[in-house]
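Working notes, structure below.
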2 protein chains.
Amino acid sequence: MAENKHENILRAAQKLFAERGYDGTTVPMIAEEAKVGAGTIYRYFENKQKLVNELFRGSVAQFAATLRDGFPEHKDFRDKFRHVFYRLVRYSREQPEAFRFINATVNAYFLDEQSKSDFEGFMDFIERHLDEGKEAGLLRDLPAQAFIAIVYGTIFHLSRMFEDGTLEPADELLAGIEKSCWDAVSAV
Amino acid sequence: MAENKHENILRAAQKLFAERGYDGTTVPMIAEEAKVGAGTIYRYFENKQKLVNELFRGSVAQFAATLRDGFPEHKDFRDKFRHVFYRLVRYSREQPEAFRFINATVNAYFLDEQSKSDFEGFMDFIERHLDEGKEAGLLRDLPAQAFIAIVYGTIFHLSRMFEDGTLEPADELLAGIEKSCWDAVSAV
DNA sequence: AAATCCGGAATGAACGTTCATTCCATTATT
DNA sequence: AATAATGGAATGAACGTTCATTCCGGATTT
């Protein structure tokens with residue numbers, strides 16, 4: 001029961017931050033959602049800003065783990081690309097609140113330095129993977145950041161559409177978009 | 001000087017909303033940035049929520065105008081696609097605050113119905129244009145929304161990178177990314 | 001032409017409310 | 001019984017908003 005509260009507060013905060021943003025969410029709101037007293041939150045977190053930063057880093061770590069887990073280190077680059085694409089999609093679908101929260105928070109004024117560098121470290125993982133493909137001559141002559149914009153940007157927007165019902169996720173659709181992204185980045 | 005104040009307040013609000021979000025921006029902050037008294041804001045706007053909605057609709061209208069202006073109605077689809085791509089990029093570069101504000105605000109809880117439908121109307125313009133290309137058999141067999149995710153999502157992420165200096169905008173780079181996007185959506 | 005008056009624009013102090021945070025009596029655990 | 005954890009009332013700061021007052025350019029009166 002004890003350690004559960006820490007987790008309950010984080011989950012409640014994640015849900016509310018994803019819905020209403022950091023400043024639009026009050027500490028009493030988080031307390032009610034987590035079914036604890038407002039004061040209890042301060043037994044687990046120094047203040048609201050420490051809470052949001054801890055949540056952010058935890059979400060980024062989980063996100064990074066999702067990508068790294070089962071990474072086909074010894075298969076060819078096409079498989080690695082597919083892996084990253086589908087894991088990005090998987091995370092955005094299985095943890096839509098976390099995904100939305102992360103993306104809404106990346107550039108926020110209340111993120112501390114550690115949170116920012118944690119996220120950069122995660123992005124570096126994607127960038128290194130893309131650089132490898134570039135060196136192998138499989139990708140176009142564009143900076144790795146451009147590929148990130150294409151792949152991550154596409155998936156980010158896609159997840160918005162899945163969430164608000166503009167688009168229905170389906171295996172066939174995802175396969176088609178994965179192919180589109182690959183065609184967008186692969187050398188002609 | 002009179003009508004200027006209305007505009008000064010909107011610009012100040014846009015800057016602050018883009019940086020800190022709606023709830024993270026206080027009315028006195030807007031007043032200071034606009035160099036007016038806090039009470040003056042209420043001579044021009046009924047309340048903070050009306051202000052953010054008026055700002056949103058104005059930004060969307062300007063955004064839509066940027067896309068529609070000079071639209072090559074009588075050229076072929078490839079040119080129209082290029083036009084939309086470059087106008088999206090242009091707006092995100094010339095009005096980075098407005099672009100960021102719009103994207104951060106699209107799904108916000110404080111947007112009223114008119115604001116939401118104004119934005120939908122704008123998206124419909126892009127969707128109709130894509131459907132035309134689909135009917136002509138020039139695009140892949142994917143829903144128009146998927147193309148929007150690819151093109152708009154890419155540009156959205158790109159503009160983030162241009163803003164924070166992760167990536168330098170250059171004609172050659174943009175031409176490469178436009179080509180990538182076209183290859184992602186065009187029939188094989 | 002100078003002095004006075006006028007009305008709306010502008011202001012910022014003040015209001016009631018709500019916020020993040022603290023405090024403490026009560027409850028649960030050891 | 002002692003200690004730790006808890007919830008929610010209490011607190012002061014800060015919020016959005018209001019309003020009594022000031023300001024100021026143009027009309028009116030002298």
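In the text below, chain A, chain B and the rest are named by the order of the sequence lines, each starting its count at 1. Atoms considered below: every heavy atom in the structure, side chains included; atoms not considered: hydrogens, waters and symmetry mates.
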Does the pair A:Arg20/A:Glu97 count as a salt bridge with the N-to-O cut at 4.0 Å? no

Given axes from five pairs at either end, by how many degrees does the helix from C:dA1-D:dT30 to C:dT30-D:dA1 bend, rounded to 10°? 10°

Within residues 20-37 of chain B: residues closer than 4.0 Å to DNA chain D (heavy atoms): B:Thr25, B:Thr26, B:Val27, B:Pro28

Whole angstrom is fine here: how far is it from CD1 in A:Ile41 over to P in D:dT6? 12 Å

Grab the CZ-C1' distance between A:Arg43 and C:dC23 for me, whole Å please. 12 Å

Tell me, yes or no, whether the heavy-atom count around B:Lys15 atom NZ, taken from other residues, nucleotides or ligands under 6.0 Å, exceeds 12. no

Would you list the atom pairs, donor with acceptor, under 3.5 Å between side chains in residues 120-138 of chain A and any protein atom, with sequence neighbours excluded?
unit_1, atom_1, unit_2, atom_2, d
A:Glu127, OE1, A:Gln145, NE2, 2.8
A:Glu132, OE2, A:Lys80, NZ, 2.9
A:Lys134, NZ, A:Leu142, O, 2.9

Show the numbers, then the answer: is there a side-chain hydrogen bond (donor to acceptor under 3.5 Å, both in side chains) between A:Asn8 and A:Tyr44? CA-CA 11 Å; A:Asn8 289 349; A:Tyr44 293 92; over 6 Å; no

OP1 or OP2 of D:dA5 sitting under 4.0 Å from any side-chain N/O of A:Lys5? no

Give every donor-acceptor pair under 3.5 Å between a side-chain atom in residues 85-95 of chain A and any protein atom, sequence neighbours left out.
unit_1, atom_1, unit_2, atom_2, d
A:Arg87, NH1, A:Thr66, O, 3.0
A:Arg87, NH1, A:Asp69, O, 2.9
A:Arg87, NH2, A:Asp69, O, 3.4
A:Tyr91, OH, A:Ser59, O, 3.4
A:Tyr91, OH, A:Gln62, OE1, 3.4
A:Ser92, OG, A:Val89, O, 2.8

Taking NE2 from B:His6 and P from C:dA10, how many angstroms apart are they, rounded to a whole number? 12 Å

Report the distance from atom OH of A:Tyr44 to atom P of D:dG7, rounded to the nearest whole Å. 8 Å

Over 60° means perpendicular and under 30° means parallel, so classify the ring planes of A:Phe99 and A:Phe63, tilted if in between. perpendicular

Taking NZ, NE, NH1 and NH2 as the nitrogens, is one of them in B:Arg82 or B:Asp76 under 4.0 Å from a carboxylate oxygen of the other? no

For DNA chain C, whose closest nucleotide is more 5', that of B:Gly39 or that of A:Thr40? B:Gly39

Residues of residues 46-56 of chain B with a heavy atom under 4.0 Å from any atom of DNA chain C, listed by number, are none

Count the heavy atoms of every other residue, nucleotide or ligand shown that sit under 6.0 Å from CG of B:Asp164, and state whether that count exceeds 12. yes

Would you call B:Lys116 and B:Asp112 a salt bridge, using N to O less than 4.0 angstrom? no

Between the protein and nucleotides 14-17 of chain C, which nitrogen or oxygen pairs come in under 3.5 angstrom?
none

Side-chain (A:His157) to main-chain (A:Tyr152) donor-acceptor, under 3.5 angstrom: no

Relative to the ring of B:Phe17, is the ring of B:Phe101 parallel (under 30°), tilted (30 to 60°) or perpendicular (over 60°)? parallel

Ring geometry between B:Trp182 and B:Phe77 (parallel below 30°, tilted from 30 to 60°, perpendicular above 60°): tilted

So how far is it from A:Asp79 CG to A:Glu73 CD, rounded to the nearest 0.5 Å? 12.5 Å

